[in-house]
Amino acid sequence: MAAPRSFKQDLVGVFGFPVAENPTQAMIEPAFADLGLPWRYLTVEVHPDRLADAVRGARAMGWRGFNCTIPHKVAVIPHLDRLSPAAEAIGAVNCVVHRDGELVGDNTDGKGFLQSVAAVRPIEGLRVVLLGAGGAARAIGVELAMAGAAAITIVNRDAHRGRELAARIGERTGLPAEFVPWRGDFAIPADTQLVVNATSIGLFPDVEARVPIDLGSLHTDMIVADVIPNPPRTRLILEAEARGCFVIDGLGMLVNQGVIGIQLWTGIDPRPEVMRAALEDVFIA
Ligand code: NDP
């Protein structure tokens, strides 16, 4: 007689609204398949009014965890049992993990970014210009400060958001971040070692949109990183590369945070190259 088979699958996924264009499934499911894990990653549209029900449903069905994307990253917090220190400091959750009967909120946006930079240069002592003050910038700024960056200058159009992020970094990490309002082309100070575009400028389909910085202020000792994953080679990346900067694309950050999510949910290390190739198929094809 044949051995009994299990048709049960472990569930994770992403809750967002709208969510149809979120590409995470395209890299996570190939990683599960590569590891031979009977897990599924579902892309689930959850209306903001139904978030509490959705989290209850995930608990009831024994989901192993889930990612949260816009607009749930802050709203999900009251529905969880506790937060990781990073999620607490950032004030937002993008990855929930079911651990010993509890739903624990974490944030992998900043960690994924940090891994991309740390592969090239130590974070400790870095002087950073952070363009933007939204969710991605918040995660990146707090994580950079917690990892020992020496200085962070936040440049943002909306002064209220910019000041709020500078204050959060100061309060939560002890690093006194500076805020500069974004008016016209921002000239990057010459002692900057890392420039991060954490705005949504350049995201498909607005691929020709220009990040307003003075390109003449970029020099070869600077790393220029872009959070935009699609297209991976943004206008900013191409322009910075042409000026001899070392560049880091947003695809690497997306893959890294997917890797961290899989590690948190399954305890197993996936192969990043499988995930990157799967995403490239989606974005570049
Ligand atoms: P938010 O909406 O929270 O923030 C957007 C930021 O971009 C704000 O600081 C906003 O400035 C700024 N911005 C937008 N348009 C302009 C403009 N024309 N000129 C100047 N500033 C502008 O978005 P998120 O932070 O959540 O996401 C930002 C980007 O990060 C997205 O494109 C997303 O794809 C990417 N991302 C990438 C990840 C990855 O793994 N690679 C992970 C998470 C996000 P203001 O406050 O003045 O409005």
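Every number for a ligand or one of its atoms is a count from 1 in the order of the listing. Computation of the quantities below employed the complete heavy-atom set of this structure, encompassing side-chain atoms and omitting hydrogens, waters and symmetry-equivalent molecules. Here the structure is a predicted model, which is why all the values come from computation and not from measurement.
The closest protein non-hydrogen atom to atom 40 (O) of ligand 1 is Gln257 NE2, 3.1 Å. Looking only at heavy atoms of the protein, atom 14 (C) of ligand 1 is closest to Ser200 OG, 3.4 Å. For atom 37 (C) of ligand 1, the closest non-hydrogen atom on the protein side is Val227 O, 3.2 Å. Closest protein heavy atom to atom 12 (C) of ligand 1: Thr199 CB, 3.7 Å. Of the protein's non-hydrogen atoms, Gly134 CA, 3.4 Å is the one closest to atom 4 (O) of ligand 1.
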Working for side chain to side chain donor-acceptor pair (under 3.5 Å), residues Glu102 and His98: CA-CA 6 Å; Glu102 285 188 324; His98 189 177; over 6 Å; no

Test log, rule side chain to side chain contact (heavy atoms under 4.5 Å, CB included), inputs Ile154 and Ile169: CA-CA 10 Å; Ile154 295 150; Ile169 292 174; 3.9 Å; yes

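Short contacts between ligand 1 and Asp109, defined as distances under 4.0 Å to a heavy atom of the residue, involve ligand atoms 42 (C), 43 (C). Ligand-side atoms of ligand 1 in range of Ile228: 32 (O), range being under 4.0 angstrom from any heavy atom. Of all the atoms in ligand 1, the ones that sit under 4.0 Å from a non-hydrogen atom of Asp158 are 45 (P), 46 (O), 47 (O).
Looking at Thr234, Asp206, Leu236, Val211 one by one, the single match for side chain to side chain contact (heavy atoms under 4.5 Å, CB included) with Ile201 turns out to be Val211.
Residue-to-ligand polar distances keep Leu203 apart from ligand 1: every N/O pair is separated by 3.5 Å or more. An N or O contact shorter than 3.5 Å is missing between Lys73 and ligand 1 by distance. Every N/O-N/O distance between Ile201 and ligand 1 stays at or above 3.5 Å. At least one N or O atom of Gly135 sits closer than 3.5 Å to an N or O atom of ligand 1. Residue Trp182 places no N or O, backbone or side chain, under 3.5 Å from any N or O of ligand 1. At a 3.5 angstrom cut-off on N or O pairs, Arg157 counts as close to ligand 1. At least one N/O-N/O distance between Arg161 and ligand 1 falls below 3.5 Å.
Distance alone, capped at 3.5 Å, places no donor-acceptor pair between the Asp226 side chain and the Gly250 backbone. When atom types are taken as modelled, the side chain of Ser217 and the backbone of Ile188 share a donor-acceptor pair closer than 3.5 angstrom. Thr108 places no side-chain N or O within 3.5 Å of a backbone atom of Lys111 that could act as its donor or acceptor partner. A donor-acceptor contact shorter than 3.5 Å links the side chain of Asn107 to the backbone of Ala92.
When non-hydrogen atoms are compared, ligand 1 lies under 4.0 Å from the side chain of Asn156 (C-beta onward) but not from its backbone. Contacts between Leu251 and ligand 1, counted as non-hydrogen atom pairs separated by less than 4.0 Å, are absent for every part of the residue. Neither the backbone nor the side chain of Arg138 comes within 4.0 Å of ligand 1, counting heavy atoms alone. If you look at Met253 next to ligand 1, the close heavy atoms, those under 4.0 Å, come from the backbone and the side chain alike.
Classified by interplanar angle (parallel below 30°, tilted 30° to 60°, perpendicular above 60°), the ring pair Phe15/Phe66 is parallel.
Considering Pro229, Ala92, Gly132, Ala133 only, the shortest heavy-atom separation from atom 34 (O) of ligand 1 involves Pro229. In the candidate list Gly202, Ala136, Pro232, Ala139, Ala136 is nearest to atom 26 (O) of ligand 1, counting heavy atoms.
Nearest heavy-atom pair, Glu241 versus Arg233, reported as atom, atom and distance to 0.1 Å: OE1-NH2, 2.6 Å.
Here the CD atom belonging to Gln257 is positioned 12.5 Å from the CG atom belonging to Leu114, to the nearest 0.5 angstrom. Between the CD atom in Glu143 and the OG1 atom in Thr173 there is a gap of 10.5 Å [rounded to 0.5 Å].
Every pair tested for salt bridge (charged side-chain N to carboxylate O under 4.0 Å, His left out) that includes a residue from residues 170-182 fails, sequence neighbours excluded, so the list is empty.
By the side-chain hydrogen bond (donor to acceptor under 3.5 Å, both in side chains) test, Arg161 pairs with no residue at all, sequence neighbours left out.
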